[in-house]
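The block underneath contains the structure these notes are about, expressed in structure tokens.
Whatever order the structure lists them in is the order used to number ligands and atoms, beginning at 1. Values below: every heavy atom of this structure, side chains too, minus hydrogens, waters and symmetry copies.
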Amino acid sequence: MDERRAAAYWERNAETWTLLVRQGFDVYRDQVNTPAFLAALPDVSGLRGLDVGCGEGHNTRLLRERGAQMTGLDVSTVFLRAAAGAETSAARIRYLGGSATRLPFSPATFDFVTAFMSLMDLPDQQTAIVEAFRVLRPGGFLQFSITHPCFGTPHRRLLRDAEGMAYAVELGRYFDTKDGRIERWLFGAAPPAMKQGLAPFEIPVFHRTLSDWLNAISRAGFILEYTGEPYADDETARRFPNVQDTQVVSYFLHLRCRKPATA
Ligand SMILES: C[S@@+](CC[C@H](N)C(=O)[O-])C[C@H]1O[C@@H](n2cnc3c(N)ncnc32)[C@H](O)[C@@H]1O
């Protein structure tokens, strides 16, 4: 599946996605993934930042709240309209349409680039990482989160005990990197009555192995400086039972890599 077809799926997902995340139903993002991402983020106050695959802008706004001058970029016009519609702050975020693989910016425009759960949603991840490298100033960094390549394999089945607690995950087809398989789901935390009236998301999957990701980073010229595998603490798992399964294996992988100051 090529990038344009993948983008068309996201355009169709965007309205329902925005509706549900703005009511707090993406508990994995809000309770586990984004807090860990932000905890690992260097100080961005006063820096020029680009958020690639910004969606409806939730995480871009959190970066703005940390004092960064933000630009958000996405392929979906529906997402971008929702993001722009949420702008109430005087320090406005600039939102632009475009692809991660052809960033509409000159070299060395940004001090940092983020991509929250977006790079695994496009086929040519190597080019997206090379593009992030190009638009960063020397010494700048790219920090991104993806579905964990080792635990988000094409075959994956969560195992629960008699009490309904997740305790293991059956994994397979790790080396199957065939593009464009479609996953269909809605956020598990959304009430069944609400989900009944909604068509499930259709998400094209571009699975890569861990080595593919790490090699893409070093081929682009980056130096890897941080790796994170977030999971819910016991208190969070108690308050939000949906995310208890993140204590079994990590669903997300966070990487931060730096463009050498001499590049
Ligand atoms: C899982 S959503 C994440 C959205 C947002 N970053 C968040 O964390 O809430 C993936 C996003 O990647 C975007 N996307 C997919 N392909 C893209 C591409 N080629 N270039 C830029 N964004 C893309 C989608 O439109 C969608 O907004």
Side-chain angles (χ1 to χ4, degrees), residues 1-38 41 49-64 70-86 93 95-105 112-132 134-135 142-148 152 179-180 182-189 200-208 216 230 251-254:
M1 179 185 295
D2 67 16
E3 183 177 294
R4 279 188 50 188
R5 269 194 69 203
Y9 277 94
W10 277 104
E11 190 71 310
R12 287 193 293 274
N13 293 332
E15 190 178 337
T16 300
W17 188 281
T18 303
L19 175 80
L20 296 179
V21 297
R22 288 192 174 172
Q23 292 178 69
F25 296 130
D26 189 354
V27 285
Y28 290 90
R29 182 192 72 178
D30 296 340
Q31 303 304 326
V32 181
N33 209 4
T34 293
F37 189 103
L38 295 179
L41 192 75
L50 170 66
D51 188 24
V52 173
C54 61
E56 53 77 46
H58 173 84
N59 289 318
T60 328
R61 290 189 287 279
L62 294 180
L63 295 169
R64 185 252 313 274
M70 291 307 300
T71 299
L73 175 130
D74 205 282
V75 276
S76 159
T77 53
V78 175
F79 268 139
L80 289 168
R81 218 177 299 132
I93 298 169
Y95 285 108
L96 290 176
S99 172
T101 58
R102 285 181 305 282
L103 295 177
F105 307 107
F112 72 97
V113 175
T114 51
F116 293 82
M117 301 302 286
S118 57
L119 295 186
M120 74 284 173
D121 288 329
L122 50 96
D124 189 358
Q125 293 130 352
Q126 176 72 73
T127 300
I129 292 171
V130 167
E131 275 291 89
R134 183 183 65 78
V135 302
L142 163 67
Q143 182 166 317
F144 66 97
S145 54
I146 49 174
T147 308
H148 201 302
D179 285 347
I182 304 296
E183 283 185 353
R184 293 180 176 80
W185 50 270
L186 286 169
F187 295 115
F201 304 130
E202 293 190 314
I203 304 203
V205 177
F206 302 97
H207 169 67
R208 303 288 179 262
Y251 286 171
F252 310 111
L253 178 65
H254 294 181

| task | Using the side-chain contact (heavy atoms from CB on, under 4.5 Å) rule, take Phe187 and Val21 through it: C-alpha gap first, then chi angles, then the decisive distance, then the call. | result | CA-CA 9 Å; Phe187 295 115; Val21 297; 3.6 Å; yes

Quick check on [X] - does any of its heavy atoms sit under 4.0 Å from an atom of ligand 1?
X     : result
Val75 : yes
His58 : no
Ser99 : yes

Among protein heavy atoms, which lies nearest [atom], and at what distance?
atom                    : answer
atom 4 (C) of ligand 1  : Gly53 O, 3.5 Å
atom 10 (C) of ligand 1 : Asp121 OD2, 3.3 Å
atom 1 (C) of ligand 1  : Met117 O, 3.2 Å
atom 8 (O) of ligand 1  : Asn59 ND2, 3.0 Å
atom 12 (O) of ligand 1 : Ser118 CB, 3.4 Å
atom 9 (O) of ligand 1  : Arg29 NH1, 3.3 Å

| Min side-chain heavy-atom separation Met1-Phe206 under 4.5 Å | yes

| query | With side chains defined as the heavy atoms from C-beta onward, is the minimum distance between Leu73 and Tyr95 less than 4.5 Å? | reply | no

| query | Which one of Thr114, Asp51, Thr71 satisfies the side-chain hydrogen bond (donor to acceptor under 3.5 Å, both in side chains) criterion with Thr60? | reply | Asp51

| query | Heavy atom under 4.0 Å from ligand 1: found in Cys54's side chain, backbone, both, or neither? | reply |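 Under 4.0 Å from ligand 1, Cys54 contributes backbone atoms alone.
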
| message | Filter on side-chain hydrogen bond (donor to acceptor under 3.5 Å, both in side chains), then keep only pairs touching residues 16-27, sequence neighbours left out; what's left? | response |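 Applying side-chain hydrogen bond (donor to acceptor under 3.5 Å, both in side chains) to every pair that reaches into residues 16-27, excluding sequence neighbours, yields Arg22-Glu56.
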
| query | How long is the span from the NE2 atom in His207 to the CD1 atom in Ile146, to the nearest 0.5 Å? | reply |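 Nearest 0.5 Å value for the NE2-CD1 distance: 10.0 Å.
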
| field | Distance (rounded to the nearest 0.5 Å) between Arg208 CZ and Gln125 CD | value |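 Nearest 0.5 Å value for the CZ-CD distance: 4.5 Å.
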
| query | Under 30°, 30 to 60°, or over 60°: which ring-plane class applies to Tyr251 and Tyr28, parallel, tilted or perpendicular? | reply | tilted

| query | Just which atoms of ligand 1 are under 4.0 Å from any heavy atom in Leu122? | reply |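 By the 4.0 Å cutoff, the relevant atoms are 17 (C), 18 (C), 19 (N).
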
| Atoms in ligand 1 flagged as close to Asp74, the criterion being non-hydrogen separation under 4.0 Å |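 Listed by number with element, the hits are 13 (C), 24 (C), 25 (O), 26 (C), 27 (O).
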
| said: As a quick check of understanding, evaluate side chain to side chain donor-acceptor pair (under 3.5 Å) for Thr101 and Glu131, giving each step before the final call. | reply: CA-CA 6 Å; Thr101 58; Glu131 275 291 89; over 6 Å; no

Backbone or side-chain N or O of [X] under 3.5 Å from ligand 1 N or O:
X      : value
Val52  : no
Ala100 : yes
Phe116 : yes

| How close do Val78 and Glu15 get, heavy atom to heavy atom, and via which atoms? |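 Here Val78 and Glu15 meet closest at CG1-N, 3.9 Å.
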
